[in-house]
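Below is one structure, written out as structure tokens; comments come after it.
Note that these values count all heavy atoms, side chains included, but never hydrogens, waters or copies made by symmetry.
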Amino acid sequence: MAQVLPTFYIQSDWEDALQTKKQEDCWVSFEQGKTKVHGKLVFTKKGEDISIEGTNGFRVTNFDNNKKIISLNFENGEHSFNSCIQAPLNTFYTPTQKNIFSLDISPEGELGVYSSVDGILNLFSVRENVVRREFEGHKGDVNVCKFFPSGKVVLSGGADWRLKIWDALEGGCGATLTGHQAGILGVDIIDRGRNVLSCSRDGTWKHWDVPTQTVIQSFDTESEEEKKAINDIFITKNYPLQNSSVAGDVREVSTQGVLVAIATENGKVRLFDLRSKLELFSIKGDGQPLNCVSILGNNVFAGGHEGGLFNWDFRRLDSLHASWKKNSTPILKFSVSETLSSLAVACNDGSSFLFNSTSNSFSYYFSGVDYEPVNKIFLKKNTVVTCSRDAKIRMYKL
């Protein structure tokens with residue numbers, strides 16, 4: 001059974017209280033299982049200083065006005081919990097005002113790309129919050145988008161069954177990859193991008209050669225009777241795989257030591273050696289559909305449709321190492337940071353947070369979304385970016 005972890009919730013626009021001339025308050029709550037405690041944070045301005053007092057067991061232990069971070073403690077005799085809550089430093093109100101499914105930030109951090117309904121795929125300036133380029137070509141929802149490592153090329157995948165590769169500088173579509181029989185749900189890029197991977201609602205994942213626009217290998221991971229959507233795909237490099245020395249297809253580039261993980265609608269995480277094409281492990285949580293998968297150090301993480309956060313240890317994949325949940329809301333997406341030993345998690349109830357894999361706790365919460373699904377979260381160094389159904393992109397600095 002999953003361990004239920006303590007968590008905080010806070011009024012989505014709590015940072016507005018920082019603008020008060022006298023006194024303002026916002027609601028805050030602590031939850032763990034059936035325990036729910038509600039309180040207030042009272043903001044009082046005296047000159048240029050702001051003091052924050054909590055009620056009903058809540059106490060602010062530190063406040064950084066520049067980063068809009070509150071360090072919060074809750075104690076009531078039975079429960080004790082500490083964490084940080086951060087408001088967005090910058091919010092981009094996208095001009096289309098439609099559900100944003102995916103986003104990515106370029107390696108330099110200057111540009112971003114987001115995807116939405118009706119074929120919308122836009123390049124934007126992170127600093128100026130303006131759309132720089134509109135990529136036209138997809139039909140229907142554009143489910144995923146990702147920068148190549150150069151930051152000059154964008155990979156996208158849509159409900160139209162197609163992958164497209166775009167010139168971020170000029171805006172043209174350089175390649176269209178066809179072969180899936182249903183919408184694309186996940187993508188990843190190998191090395192500099194000659195080879196890319198995709199997964200789909202059709203129950204397959206594919207390894208592509210970009211220059212020839214051909215499929216190197218298509219993986220049908222289940223029988224026709226059991227085949228369900230593959231919701232996410234993730235790769236890790238330089239993993240010591242026994243079979244990676246075998247000769248690969250002449251179109252393969254930098255596939256040696258690449259481990260591929262997929263998350264499936266039938267509740268499995270499956271791990272493959274990309275070079276040998278062999279499946280290494282098939283592991284399962286508690287049966288709930290899995291929406292996302294990531295690898296952090298020796299740990300495999302998967303997020304479930306019923307709120308489960310599952311963890312397997314590479315050194316013992318024959319059994320589930322641990323599982324947690326904060327409630328039953330679906331976990332939608334992950335982003336990992338080896339430096340922070342953390343997993344950024346986006347959820348269907350509007351919450352997003354950092355899960356620390358060392359302490360097995362929620363170390364940061366990112367506020368701003370009012371019960372709308374957070375469809376994607378991006379984490380790199382000290383930057384966190386989210387997108388949600390309310391058509392806004394929010395940026396945070398740890």
Side-chain angles (χ1 to χ4, degrees), residues 100-126 131-202 204-219 230 232-235 237 248-255 258 260 262 274 333 335 375-376 378 380 387:
I100 304 175
F101 297 124
S102 184
L103 70 82
D104 196 21
I105 305 299
S106 66
E108 298 81 8
E110 297 294 323
L111 296 173
V113 62
Y114 70 88
S115 64
S116 184
V117 301
D118 301 328
I120 294 170
L121 179 67
N122 290 343
L123 187 78
F124 68 95
S125 167
V126 171
V131 172
R132 290 298 186 193
R133 194 172 305 287
E134 297 178 1
F135 303 109
E136 297 181 356
H138 278 291
K139 306 295 183 184
D141 296 345
V142 185
N143 295 325
V144 292
C145 56
K146 188 177 182 67
F147 277 101
F148 277 55
S150 67
K152 299 177 182 179
V153 181
V154 172
L155 172 65
S156 62
D160 57 6
W161 309 2
R162 291 170 171 81
L163 292 158
K164 287 183 174 290
I165 296 170
W166 309 87
D167 183 336
L169 303 181
E170 301 296 331
C173 179
T176 298
L177 310 180
T178 60
H180 279 295
Q181 300 301 308
I184 312 298
L185 297 178
V187 296
D188 213 333
I189 297 170
I190 301 168
D191 198 38
R192 296 194 298 176
R194 175 161 177 165
N195 289 177
V196 300
L197 304 179
S198 62
C199 64
S200 168
R201 292 189 191 277
D202 65 11
T204 70
W205 66 274
K206 298 183 187 296
H207 178 194
W208 302 86
D209 178 49
V210 173
T212 61
Q213 300 180 42
T214 56
V215 176
I216 297 173
Q217 182 81 21
S218 181
F219 297 81
I230 300 176
D232 196 21
I233 190 165
F234 180 90
I235 65 169
K237 304 170 186 177
D249 189 290
V250 294
R251 295 168 293 173
E252 292 187 30
V253 176
S254 302
T255 58
V258 173
V260 180
I262 62 170
L274 186 59
K333 287 295 179 184
S335 185
N375 294 319
K376 183 68 185 292
F378 169 90
K380 187 175 182 181
C387 67

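Side-chain contact between Leu177 and Val196 is present, with heavy atoms from C-beta onward closer than 4.5 Å. Looking at heavy atoms from C-beta onward, Phe101 lies out of side-chain contact with Val142 at the 4.5 angstrom threshold. Residues His207 and Leu274 are in side-chain contact: their nearest non-hydrogen atoms beyond the backbone lie under 4.5 Å apart. Contact annotation: the side chain of Ile165 approaches that of Phe148 to within less than 4.5 Å [non-hydrogen atoms, C-beta and beyond]. For the pair Ser102/Lys146, no side-chain contact is recorded, criterion being any heavy-atom separation below 4.5 Å from C-beta on. Under the 4.5 Å side-chain criterion, counting only non-hydrogen atoms from C-beta, Phe135 is in contact with Leu123.
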Could you walk me through whether Phe378 and Asp104 pass the side-chain contact (heavy atoms from CB on, under 4.5 Å) check? CA-CA 7 Å; Phe378 169 90; Asp104 196 21; 3.5 Å; yes

List the steps and the verdict of side-chain contact (heavy atoms from CB on, under 4.5 Å) for Leu197 and Ile190. CA-CA 8 Å; Leu197 304 179; Ile190 301 168; 4.0 Å; yes

Under the side-chain contact (heavy atoms from CB on, under 4.5 Å) rule, what do Val113 and Trp166 come out as? Steps first, then yes or no, please. CA-CA 11 Å; Val113 62; Trp166 309 87; over 6 Å; no

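Nearest heavy atoms, Lys206 versus Ser218: NZ-OG, 2.6 Å. The heavy-atom pair separating Lys164 from Thr176 by the smallest distance is NZ-OG1, 2.9 Å. When all heavy atoms of Gly174 and Gln213 are compared, the closest pair comes out as O-NE2, 4.1 Å. Residue Arg133 comes nearest to Gly171 through the heavy atom pair CD-CA, 3.2 Å, listed as atom of the first residue, atom of the second, then distance. Annotation for Leu121 and Ser115: closest pair CD1-CB, 3.9 Å, computed over non-hydrogen atoms. Minimum interatomic distance between His180 and Trp208 (heavy atoms only, all atoms of both residues): CD2-CZ2, 4.0 Å.
Thr204 contributes no side-chain N or O that, together with a main-chain N or O of Phe219, makes up a donor-acceptor pair within less than 3.5 Å. Proximity of a side-chain donor or acceptor of Asn122 to a complementary backbone N or O of Val131 within less than 3.5 Å is not detected. Although no hydrogens or angles enter the test, the distance criterion places no donor-acceptor pair under 3.5 Å between the side chain of Arg201 and the main chain of Leu185. Between the Lys139 side chain and the Asp160 main chain, no donor and acceptor come within less than 3.5 Å of each other. Between the Gln181 side chain and the Gly179 main chain, a donor and an acceptor come within less than 3.5 Å of each other. Remark: side-chain polar atoms of Arg192 are not paired, donor with acceptor, to backbone N or O of Ser150 under 3.5 angstrom. At distances below 3.5 Å, not a single donor-acceptor pair connects side-chain atoms of Asn143 with backbone N or O atoms of Gly157.
Side-chain atoms of Thr212 and Arg251 form no donor-acceptor pair, as typed in the model, at a separation below 3.5 Å.
A distance of 9.0 Å separates CD1 in Ile105 from CG in Leu111, rounded to the nearest 0.5 Å. Rounded to the nearest 0.5 Å, atoms OG (Ser200) and CD1 (Ile230) are 8.0 Å apart. Thr214 OG1 to Asp249 CG: the interatomic distance, rounded to the nearest 0.5 Å, is 8.0 Å. Between Ser198 atom OG and Trp205 atom CH2 the span is 9.5 Å, to the nearest 0.5 Å. We find the CD1-NE2 distance between Ile184 and His138 to be 8.5 Å, quoted to the nearest 0.5 Å. Here the straight-line distance linking atom CG of Asp191 with atom OG1 of Thr255 works out to 10.0 Å at 0.5 Å rounding.
Taking a cutoff of 4.0 Å between a charged side-chain nitrogen and a carboxylate oxygen, Lys333 and Asp232 qualify as a salt bridge. Comment: Asp167 does not engage Lys152 in a salt bridge, judged by the lack of any side-chain N to carboxylate O separation of less than 4.0 angstrom.
Residues passing the side chain to side chain contact (heavy atoms under 4.5 Å, CB included) test with Pro149 are Ile189, sequence neighbours excluded.
More than 12 heavy atoms of other residues, nucleotides or ligands shown are found within 6.0 angstrom of CD on Glu108.
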